[in-house]
Amino acid sequence: QVQLVESGGGLVQAGSSLRLSCAASGRTFSSVAMGWFRQAPGKEREFVAAISRSGGSTYSADSVKGRFTISRDNAKNTVYLQMNSLKPEDTAVYYCAAHTGWNTRRSENGYAYWGQGTQVTVSS
């Protein structure tokens, strides 16, 4: 089992930055690959970014490339999502997720463990 707790969300203006954190427990952190997803009101949950177990491989959705960066600190059991140049359309609940596979995954069906989510609201 892996327990995940997100933090760092909030209300910001367009053009601002936020850094989300996701603290993991229950399993050796370097044995799980991680991902970030988001769900806007009235929309399906969508992939944002993923990172491999070691952090050596990352993948981001086209909608956030060049603005969002996923990273991890295995010594702190934490994965991060640095979000720059935020836009109103980035408003959503952001979830971190984990799986025990080796690869980075875009599909939420590939993730076995989920956090409770943190709200990010970007005002125009």
Using side-chain heavy atoms (C-beta onward) and a distance below 4.5 Å, is [X] in contact with [Y]?
X    : Y    : value
R27  : T100 : yes
Y113 : Q1   : yes
V12  : T121 : no
M34  : L4   : yes

Could you check whether any side-chain N or O of [X] sits under 3.5 Å from a backbone N or O of [Y], counting only pairs where one atom can act as donor and the other as acceptor?
X   : Y    : answer
T58 : A50  : no
R38 : V93  : no
R72 : T78  : no
T28 : S30  : no
R53 : S31  : yes
E6  : G117 : yes

Compare every heavy atom of [Y] with every heavy atom of [X], then report the nearest pair and how far apart it is.
X   : Y    : result
V2  : A98  : CG1-CB, 4.4 Å
A33 : G101 : CB-O, 3.8 Å
G8  : L18  : O-CD2, 3.7 Å
V48 : L81  : CG1-CD2, 4.1 Å
A40 : A92  : N-CB, 3.8 Å

[atom1]/[X] to [atom2]/[Y] distance, rounded to the nearest 0.5 angstrom?
X   : Y    : atom1 : atom2 : answer
S63 : E46  : OG    : CD    : 5.5 Å
M83 : T69  : CE    : OG1   : 11.0 Å
C96 : I51  : SG    : CD1   : 12.5 Å
Q3  : S25  : CD    : OG    : 4.5 Å
S52 : R105 : OG    : CZ    : 12.0 Å
D73 : F29  : CG    : CZ    : 8.5 Å

**Request:** Output, in order, the C-alpha distance, side-chain angles, deciding distance and verdict of side-chain contact (heavy atoms from CB on, under 4.5 Å) for V79 and I70.
**Result:** CA-CA 7 Å; V79 64; I70 187 171; 4.0 Å; yes
**Message:** For K65, give me all partners under side chain to side chain donor-acceptor pair (under 3.5 Å), at least two apart in sequence or on another chain.
**Reply:** D62
**Prompt:** What residue pairs, at least two apart or across chains, pass ring-ring contact (aromatic ring centres under 6.0 Å, His included) with a residue in residues 67-107?
**Reply:** H99-Y111
**Request:** Please assess F47 against W36 for the test ring pair (Phe, Tyr, Trp, His ring centres under 6.0 Å), listing each intermediate value before the final yes or no.
**Result:** CA-CA 7 Å; F47 169 78; W36 285 98; over 10 Å; no
**Asked** Does atom CD of Q116 have more than 12 heavy-atom neighbours from other groups under 6.0 Å away?
**Response** yes
**Message:** We want to know whether T91 and E89 form a side-chain donor-acceptor pair, criterion being a heavy-atom distance below 3.5 angstrom.
**Reply:** no
**Asked** What pairs meet the side-chain hydrogen bond (donor to acceptor under 3.5 Å, both in side chains) rule with one or both residues in residues 15-24, with sequence neighbours excluded?
**Response** S17-N84
**Item:** Verdict with supporting geometry, R45 and W114, side-chain contact (heavy atoms from CB on, under 4.5 Å)
**Value:** CA-CA 12 Å; R45 188 156 55 186; W114 291 84; 3.6 Å; yes
**Asked** L86 and V64: same hydrophobic cluster, using ILVMFWY side-chain contacts below 4.5 Å?
**Response** yes
